[in-house]
Enquirer: 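Before I ask anything, let me first share the structure, which is written out below as structure tokens.
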Amino acid sequence: MSLAGKVAIVTGSGRGLGLAYARELARQGAAVVVNDVDEAVAADAVRTIEADGGRATAVVAPVGSSEVARQLVQAAVDTFGRLDILVTNAGILRDKSLLKMTDEDFDAVINVHLKGTFTCAREAFGYFKENQVPGRIITIGSPTGQRGNFGQTNYAAAKAGIVGMVRTWALEMKKAGVTANAVIPVAATAMTKTLPYFQKAVEADERGDAMPAFFRHELGFGTADDVAGLVAFLASDAAAGITGQAIGAGGDRLQLWTHPEAAATAYREGGWGYQDLVENFDSLFGDKLQSVGEEFLPLPEELQPEPAQAR
Ligand SMILES: NC(=O)c1ccc[n+]([C@@H]2O[C@H](COP(=O)([O-])OP(=O)(O)OC[C@H]3O[C@@H](n4cnc5c(N)ncnc54)[C@H](O)[C@@H]3O)[C@@H](O)[C@H]2O)c1
């Protein structure tokens with residue numbers, strides 16, 4: 001089952017995960033609209049896809065506004081005659097702890113990830129509906145959006161918001177036969193390469209060696225290519241029945257995430273006043289409070305990062 005005859009847009013696909021998605025979609029037969037703010041990497045991506053035997057064109061523009069969303073869908077239609085698949089992957093980081101985070105840090109991240117996903121999905125869905133295309137919208141979340149992470153207020157808000165939108169779109173798009181899902185990736189890219197925790201895995205990858213099994217298996221951390229198969233699968237006819245899901249991929253690991261639901265429920269005739277909560281909350285829910293943050297397993301001795309000065 002291939003993607004031959006289909007047309008995809010992948011935002012932020014000049015490098016990293018987006019490039020891996022674009023290449024895999026093209027390998028499976030789709031023509032791809034590459035998008036990035038960096039003109040040179042976008043042009044390189046098109047050349048790479050063409051050298052692989054695929055079809056691609058580039059739109060150099062910053063995802064976020066409705067205008068750029070329109071430009072992307074128009075490019076797919078003008079260049080390749082239609083649109084079937086949208087992957088909203090473009091992203092940036094502006095990490096700072098809450099008190100140091102400026103309004104600009106917050107707005108920049110929300111604009112690219114959350115608003116960019118919203119504007120592109122709205123434009124693509126409008127096209128799908130009007131042209132009766134059983135389209136695919138594949139958004140990109142993050143473990144940070146699912147669990148929270150120190151120093152990532154803006155990014156956590158954007159990524160959790162994306163999964164919230166996917167749950168809503170699964171409902172709104174069902175009748176049109178359009179699916180909307182979120183991929184929760186983890187991979188060695190410019191975004192994660194500098195994290196000391198992953199140093200040994202990134203070094204192995206850069207040497208052209210396989211990443212240590214502990215990273216690939218226990219931590220679900222691998223290469224961008226490890227995530228690309230899931231994106232192509234969700235874009236395919238084989239995934240027609242899958243919508244509203246958040247699916248994690250990285251290294252050797254594939255995960256289906258839960259959506260939040262009530263972890264415990266209690267009733268009291270007349271409702272719960274302040275004093276009722278003071279007296280009962282702990283006994284009702286005290287042992288059921290939810291954990292936050294990702295669990296970072298301790299690295300085995302030989303996989304620990306070297307101290308900065310020794311690098
Ligand atoms: N790398 C990971 O482990 C990881 C984990 C969770 C989520 N993600 C998400 O995956 C996506 C890709 O991340 P990556 O690691 O490949 O990052 P990356 O920095 O390697 O690539 C992101 C690309 O997006 C482009 N870009 C930035 N702003 C843009 C804009 N406004 N419009 C168009 N393009 C823009 C950049 O120029 C870059 O080429 C992001 O949404 C990121 O949040 C990555």
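Note that ligands are numbered from 1 as they come in the structure, with each ligand's atoms numbered from 1 the same way. No hydrogens, no waters, no symmetry mates; every other heavy atom, side chains included, goes into these values. Computed from a prediction, not measured in an experiment: that's the story for all the values here.
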Enquirer: Just wondering, more than 12 heavy atoms not from Glu39 lying within 6.0 Å of its CD?
Expert: no
Enquirer: Side-chain donor-acceptor pair under 3.5 Å between Gln28 and Ser2, yes or no?
Expert: no
Enquirer: Taking Tyr155's backbone N and O only, do any of them form a donor-acceptor pair with His113's side chain (distance below 3.5 Å, no angle check)?
Expert: no
Enquirer: When rounded to the nearest 0.5 angstrom, what distance separates OG in Ser236 from CD1 in Ile85?
Expert: 8.5 Å
Enquirer: Check whether any side-chain heavy atom of Phe150 sits under 4.5 Å from a side-chain heavy atom of Asp95, and report yes or no.
Expert: no
Enquirer: When you pair each N or O of ligand 1 with protein N or O atoms, which pairs come out under 3.5 Å?
Expert:
| from | atom 1 | to | atom 2 | distance (Å) |
| --- | --- | --- | --- | --- |
| ligand 1 | 1 (N) | Ala187 | O | 3.2 |
| ligand 1 | 1 (N) | Thr189 | OG1 | 3.1 |
| ligand 1 | 3 (O) | Ala187 | N | 2.9 |
| ligand 1 | 3 (O) | Ala187 | O | 3.1 |
| ligand 1 | 15 (O) | Thr189 | OG1 | 2.4 |
| ligand 1 | 16 (O) | Leu17 | N | 2.8 |
| ligand 1 | 31 (N) | Val63 | N | 3.3 |
| ligand 1 | 31 (N) | Val63 | O | 3.2 |
| ligand 1 | 32 (N) | Val63 | N | 2.8 |
| ligand 1 | 37 (O) | Arg15 | NH1 | 3.1 |
| ligand 1 | 37 (O) | Asp36 | OD1 | 2.6 |
| ligand 1 | 39 (O) | Arg15 | NH1 | 2.8 |
| ligand 1 | 39 (O) | Asp36 | OD1 | 3.4 |
| ligand 1 | 39 (O) | Asp36 | OD2 | 2.6 |
| ligand 1 | 41 (O) | Asn89 | O | 2.8 |
| ligand 1 | 41 (O) | Lys159 | NZ | 3.0 |
| ligand 1 | 43 (O) | Tyr155 | OH | 2.6 |
| ligand 1 | 43 (O) | Lys159 | NZ | 3.4 |

Enquirer: Test: salt bridge (Lys or Arg N to Asp or Glu O under 4.0 Å). Region: residues 107-135. Which pairs qualify, not counting sequence neighbours?
Expert: none
